[in-house]
Amino acid sequence: MSRTDQMTPDNLYKYRSVAPDMPPIDSYMEDLRFSYSVGWFTNFGPLSRRLESELAHSFGMAGETCVCVSNATAGLSASLIASSRSGQILVPAFTFPASLSAIRAAGLEPVVMDVSADTWTVSVECLRAALDRFVAAAVMLVSPFGLQCDFSEHIDLCLDRGIAVIIDSAAGLGVSRPQRNVHKDVFEVYSMHATKPFSIGEGGVVFAHPDRDEALRAALNFSLLAPERPDLPEWGFNGKLSEFHAAVGLAQLRLFSDRVVGRQAFVRRYVELLSEDVGLTMISDPRKAPWQVFPVLMPSREACESAIASAAARGLELRRYYRPSLSRWPRIRLVGDCRVSEDLADRMCVLPVRSNPDGSEADEIINIAVGAMRAAVEA
Ligand SMILES: Cc1ncc(COP(=O)(O)O)c(C=O)c1O
């Protein structure tokens, strides 16, 4: 077989948009040996429980429980099931389709609404207007790109009306979470997918009120006790984290704070080089996220396409994100038009981020990405 026959996206680019930041194999072998010695590989085993308590210690709010899950999508569905809501769930259009899939997988009906052009999230005013028009059982809020978002006003608005809140912060594990009172109708979910900063392969975590711990675990384990426990969800599915992934998670946690510092320093280099460029919109504070990727809003769809093409010609993968907007999904129910989300989806370009901000690889990635951005806005 010739080399071109074997071409995969991995060798079309010298630098992929995301390079999985997995911990080295040796760093989790000892924990895996323990799993083999006790013969326990899943079903909320000792490594998952240890990871949960360490994640709660590092990222939880006082009084929260932490439940590991097989991926964030399963965590979102389990949270919806554990909230024991049924009916319509509001969700923003500017997000990854997993937010939508999780609602459908929980047997509920998504209703998609637009986001605000300033924050890329749903504004409190639009949420209030949507809640006045639609009978919603829960609202899914999304922290786009894992950006730290203060949703306290949204949460108060929902709780006042008895509506549950599920926060999808998939890419955001690693930055401090705005403090709020822990409430049994509020759940926050993160991903540990290989592409996320807290990368373990597949995995996720839910932070919630301790009163929801049992219901969450039931939802993630077929709700086996449902026939004799009417207080638990009526049904569930298999969304548990394996002990293999938990071992990787424990190793990742030991490395993670340095990795986040590195990723934020990487983003600081983009901000220093690009923030003065007219026509580009970006978050200027690198501490706002652990940065799976760095989103930059381009002045037009054409500029976005041109930046991606010129970076690709030099071996670097830049990507669109949250595209198409959920408003374009088949048979989707909308609160109103989703012009802002559709426009953001057309113009958003994401730049690669690595946990090592120095050295020749970082220099080359930043050089190509910045050059491609500038050429595209000047064209
Ligand atoms: C906003 C959002 N929600 C949910 C997910 C799904 O995460 P997972 O792959 O862990 O199910 C993603 C994945 O990228 C995401 O970006």
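- Counting heavy-atom neighbours within 6.0 Å of R328 CZ, excluding the residue itself, gives a total of 12 or less.
- Geometric assessment of R177 against the ring of F59 yields a negative cation-pi assignment under the 6.0 Å and 45° thresholds.
- In terms of heavy-atom proximity, R85 sits nearest to I163 at NH2-C, 4.0 Å.
- Looking only at atom types and distance, the side chain of S169 has a donor-acceptor partner in the side chain of S143 under 3.5 Å away.
- Expressed to the nearest 0.5 Å, how far SG of C349 lies from CG of L280 amounts to 9.5 Å.
- Using a cutoff of 4.0 Å between basic side-chain nitrogens and carboxylate oxygens, R128 and D160 are not scored as salt-bridged.
- Judged by a 6.0 Å distance limit and a 45° cone about the ring axis, R212 is not positioned over the six-membered ring of F187.
- Ring-centre distance between F244 and Y28: not below the 6.0 Å cut-off.
- The pair R180-D150 does not count as a salt bridge, with every side-chain nitrogen at least 4.0 angstrom from each carboxylate oxygen.
- Between F222 and F237, the distance separating the two ring centers is not shorter than 6.0 angstrom.
- Under the 4.0 Å criterion applied to side-chain N and carboxylate O atoms, R354 and D21 are not assigned as salt-bridge partners.
- The pair E272-R268 does not count as a salt bridge, with every side-chain nitrogen at least 4.0 angstrom from each carboxylate oxygen.
- Using a cutoff of 4.0 Å between basic side-chain nitrogens and carboxylate oxygens, D31 and R50 are scored as salt-bridged.
- You'll find the ring centres of F207 and Y190 inside the 6.0 Å limit.
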Worked verdict on V293 versus R319 for side-chain contact (heavy atoms from CB on, under 4.5 Å): CA-CA 9 Å; V293 287; R319 290 183 50 200; over 6 Å; no
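- In the model, R259 has a side-chain atom that pairs as donor or acceptor with a side-chain atom of Q252 under 3.5 Å.
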Check step by step if side-chain contact (heavy atoms from CB on, under 4.5 Å) holds for R314 and K14. CA-CA 8 Å; R314 295 181 64 195; K14 183 170 179 195; over 6 Å; no
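- Using a 4.0 Å cut-off between a side-chain N of Lys or Arg and a carboxylate O of Asp or Glu, D213 and R217 qualify as a salt bridge.
- In this structure, D277 pairs ionically with R374, as a charged nitrogen and a carboxylate oxygen lie closer than 4.0 Å.
- Members clustered with M61: V182, by chain and number, using a 4.5 Å side-chain heavy-atom cutoff among hydrophobic residues.
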